[in-house]
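All ligand and atom numbering here is 1-based and tracks the order in the structure. Numbers here are sequence positions counted from 1.
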Amino acid sequence: MDIKKVISEMTLEEKASLLSGLDFWHTKAVERLGVESVMVSDGPHGLRKQDETADHLGINVSVPAVCFPAACASAASFDRDALYQIGESVGVACQHEKVAVNLGPAINIKRSPLCGRNFEYFSEDPYLAGELAASLIKGVQSQNIGTSVKHFAANSQEHRRMSSDSVVDERTLREIYFPAFEKAVKDGKAWTVMCSYNKVNGEYASQNRWLLTDILRNEWGFDGYVMSDWGAVSDRVKGVHAGLELEMPGSGGANDKRVVEAVRSGKLDEKDVDLAVERLLTIHNRYLENAKPETVWDKEVQHALARQISAESMVLLKNEGGVLPLSKEDKIAVIGYFAEKPRYQGGGSSHINAFKVESLLDALEGYPSFTYAKGYGIEKDEADEALISEAVQNAKAADKAVLVLGLPDAFESEGYDRAHMHMPSCQIELLKRVSKVNKNVIVVLYNGSPIEMPWIDDAKAVIEAYLGGQAVGGATKAVLFGEVNPSGCLPESFPIKLEDNPSYISYGGEGNTAVYNEGVFVGYRYYDKKKMDVLFPFGYGLSYTTFRYDNLAVSSDSIKDTDEITVTVDITNTGNVFGKEVVQLYVSDVESTVFRPVRELKGFEKVAMNPGETKTVSFRLSKRAFAYWNTTLSDWHVETGAFKIQICKSSRDVILEKEIYVESTVRIPVKYDIDSIMIDLMENPKAAAMLSPILEGMKKAMGIGQGNEDSAVSDGMMTAMINYLPLRNVCGFSGGAVTFEQLQMIIDAINAE
Ligand code: BGC
């Protein structure tokens, strides 16, 4: 299709009509010109195609599909390939079902464990979230199906999600809330972006030109289109100009009319409308020209893949005395409602209609010696004595008790935030009572976000399975019995208690204003800086085998910020079983004039090794790995100095490190004036040369450096006072010997550089 030609033949009304949805899931057509309507559907851990009754809350049924592990779980895999495979599978489903764009991945940063939608998001760390998002996107788009990376931007709470204003300083946006989107666009080449409901620094994302045009297109080179989150449009005309091409689901035609009127009255340039239509049709044609409805969607094959990825995503948090893996000879008491009816995904728009669900009990079928007791229900918080007694009886008679616990649906969902981080009381009580009669308690957790674990001493082993998708039961069995060696790592910190979280004081905001007070110190960036104990740190996860790290090497120990550097390290499986290890690379700025986290994740690789096998892992680092966002430069900046490259097993566990020196090639321009203070001025060699004699004279006149022990003012104190003295005060302190005119000459001379 010659898109430009088609647009030139459209009426203004036709063009404006294309800028909003036909219904909940379809775009409009212009039949007389051959412009077809396409369908979009939710994801991202499966396909939620609603045929008849539509809603954006996951209420009405959608076509039977495969539910892969939710992002909370798949992120723990730290495995780009796994995410690619999920994406590819979803792409296949979309081709089969004639869906042009899958609405995901959702990649907002987990600022607080309370965000109701954390189960749908990847991480508290932007690097991890960005890498995984890009892989998922590439997978979906390999099938010529579009993605819609969402929700752009700073949408890290559900509370008042359609009206709240995320107030975030620019450095924090650039370093924490933007990079995953940047990666999704630059590397993943996402076909579309979905803007968020909230405002960002006072302007709705849906009409925020700085976000949608300046950053997304002009800086990152985004060449797809932006759609609104469902119902996120406030001022449609402003939105068109800002770069919001598609309003979803639409306003019953009202906003289309407004767009027409705005063009007629000269308020909106028709070129903006044309450009929006061109961007929409370009993407839709990419799908239409490659549509393959004959694609075979083998759900059984995808179910097996979902099981494998779920197992690879499980995080072994504790394994005292090697109580795991279980052996076939163990007499096991399986306890907990979730063993029978697993919670495997979250509620809301990402809810997939799983074509089948595999529970732990299903997976144990045929296993000779296990009992099952429900232990708790999910309808109420209080313990049920009859259920607990039954579980205790079973546990007494068993070698090991496997308790499948977690959070019921109502505890975390799209649309509202959590109020606390507790597990239901009935489950805690059950665990306490079972642990009294059986010393080998193993807890498996099905939950979408971190919980407090005051009960952890009652369990010998804990597996964080997150929301592992429809095959989570089979995956749980595989990890429990060591058929799969756990290799997941936490993509988020587990604080000891909610109050430890850096956003705790201001999370949710006051009224509609949510100030992101903690700045860049989100998650481990905060806990590490504060040297605060956490329950489990970011990046943490155990294995049934052991690994040794050797030979950390860097290609150069002194580089310019324009250079690239290669880092290599050897990993050996020193245990007795096959295993996978997530090798994590962090960068730490040894000394900095700006506040920086202790270390930040800048690379990770997952490697598989047989016992005794060694592999060399290699990383490439460039400027961004060392840089922070400098607001004076409006750019990334590396401060000249030493940096540590650290190979870690978590953000808290540095195994090997090497120091390198990075030299900046950029000078930050400084403008001095009469209010500049001495300590800053003296950093400028020219200023230092001019001011030194004046300062020496002043010091002498004031008796500084004379070692007068009787003075109430120490030399150190006087020096500090002079350091922080504005230039303007020199006139007074010099008793008129130095004039304002002379000071101005000095300022002019140093500014002229
Ligand atoms: C959600 C989006 C979703 C859309 C369509 C909204 O409520 O925030 O993530 O894609 O509905 O269901």
Side-chain angles (χ1 to χ4, degrees), residues 20-27 38-63 65 67 70-72 90 94 97 99-110 115-122 129 133 136-137 140 145-164 166 180-181 184 190-200 204-206 224-234 244-251 345-353 412-417 448:
S20 65
L22 169 71
D23 56 27
F24 228 78
W25 302 118
H26 295 88
T27 62
V38 300
M39 181 171 199
V40 301
S41 282
D42 270 315
H45 55 271
L47 170 64
R48 183 173 78 101
K49 180 186 175 187
Q50 284 185 324
D51 252 349
E52 306 296 332
T53 35
D55 68 85
H56 62 304
L57 300 171
I59 302 166
N60 291 299
V61 81
S62 48
V63 298
C67 179
C72 56
V90 172
C94 289
E97 288 289 338
V99 169
V101 178
N102 188 256
L103 305 175
I107 63 173
N108 295 100
I109 291 295
K110 300 187 190 198
C115 174
R117 238 177 146 174
N118 275 358
F119 66 84
E120 235 185 299
Y121 301 149
F122 287 123
L136 184 105
I137 290 167
V140 176
I145 297 296
T147 53
S148 196
V149 53
K150 64 191 187 183
H151 312 85
F152 190 55
N155 180 194
S156 291
Q157 66 183 55
E158 287 299 279
H159 179 65
R160 291 177 174 256
R161 68 171 174 162
M162 298 184 78
S163 58
S164 84
S166 301
F181 287 98
W191 287 13
T192 86
V193 169
M194 188 190 293
C195 76
S196 56
Y197 284 127
N198 53 289
K199 292 179 180 170
V200 179
Y204 277 115
S206 60
Y225 72 77
V226 183
M227 70 177 83
S228 73
D229 198 344
W230 269 231
V233 168
S234 174
L244 178 76
E245 281 79 24
L246 181 63
E247 172 184 15
M248 286 304 286
S251 59
Q345 66 174 331
S349 63
S350 68
H351 196 92
I352 309 297
N353 179 13
E412 49 183 353
S413 164
E414 179 176 341
Y416 59 91
D417 284 332

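The shortest N or O to N or O distance between Tyr197 and ligand 1 is below 3.5 Å.
Those atoms of ligand 1 that come under 4.0 Å of a heavy atom in Trp25, given as number and element, are 5 (C), 12 (O). With ligand atoms numbered from 1 in the order given, ligand 1 contributes 2 (C), 3 (C), 9 (O), 10 (O) to contacts under 4.0 Å with heavy atoms of Lys150. Atoms of ligand 1 lying under 4.0 Å from at least one heavy atom of Asp229, given by number and element, are 1 (C), 2 (C), 3 (C), 4 (C), 6 (C), 7 (O), 8 (O), 11 (O). In the vicinity of Met194, heavy-atom distances shorter than 4.0 Å reach the ligand 1 atoms 10 (O). With ligand atoms numbered from 1 in the order given, ligand 1 contributes 1 (C), 2 (C), 3 (C), 9 (O), 12 (O) to contacts under 4.0 Å with heavy atoms of Ser349. Residue Glu414 has at least one heavy-atom neighbour below 4.0 Å for each of these atoms of ligand 1: 1 (C), 6 (C), 7 (O), 8 (O).
Between the CG atom in Asn102 and the CD1 atom in Ile145 there is a gap of 8.5 Å [rounded to 0.5 Å].
At a cut-off of 3.5 Å, with distance as the only test, no side-chain donor of Ser350 or Glu414 sits close to an acceptor on the other residue.
Side-chain atoms of Glu245 do not come within 3.5 Å of backbone N or O of Tyr225 as any donor-acceptor pair. Judged by distance alone, with hydrogens and angles left aside, the side-chain atoms of Ser166 form no donor-acceptor pair with the main-chain N or O of Val200 at under 3.5 Å. At distances below 3.5 Å, at least one donor-acceptor pair connects side-chain atoms of Thr27 with backbone N or O atoms of Val38.
Across every non-hydrogen atom of Val233 and Ser228, the tightest pair is CG2-CB, 3.8 Å.
Of all the listed residues (Arg161, Met248, Glu158, Arg117), Arg117 holds the heavy atom that lies closest to atom 9 (O) of ligand 1.
Contacts between Arg48 and ligand 1 below 4.0 angstrom, taking non-hydrogen atoms only, involve the side chain exclusively.
Using cut-offs of 30° and 60° on the angle between ring planes, the pair Tyr121 and His151 is perpendicular.
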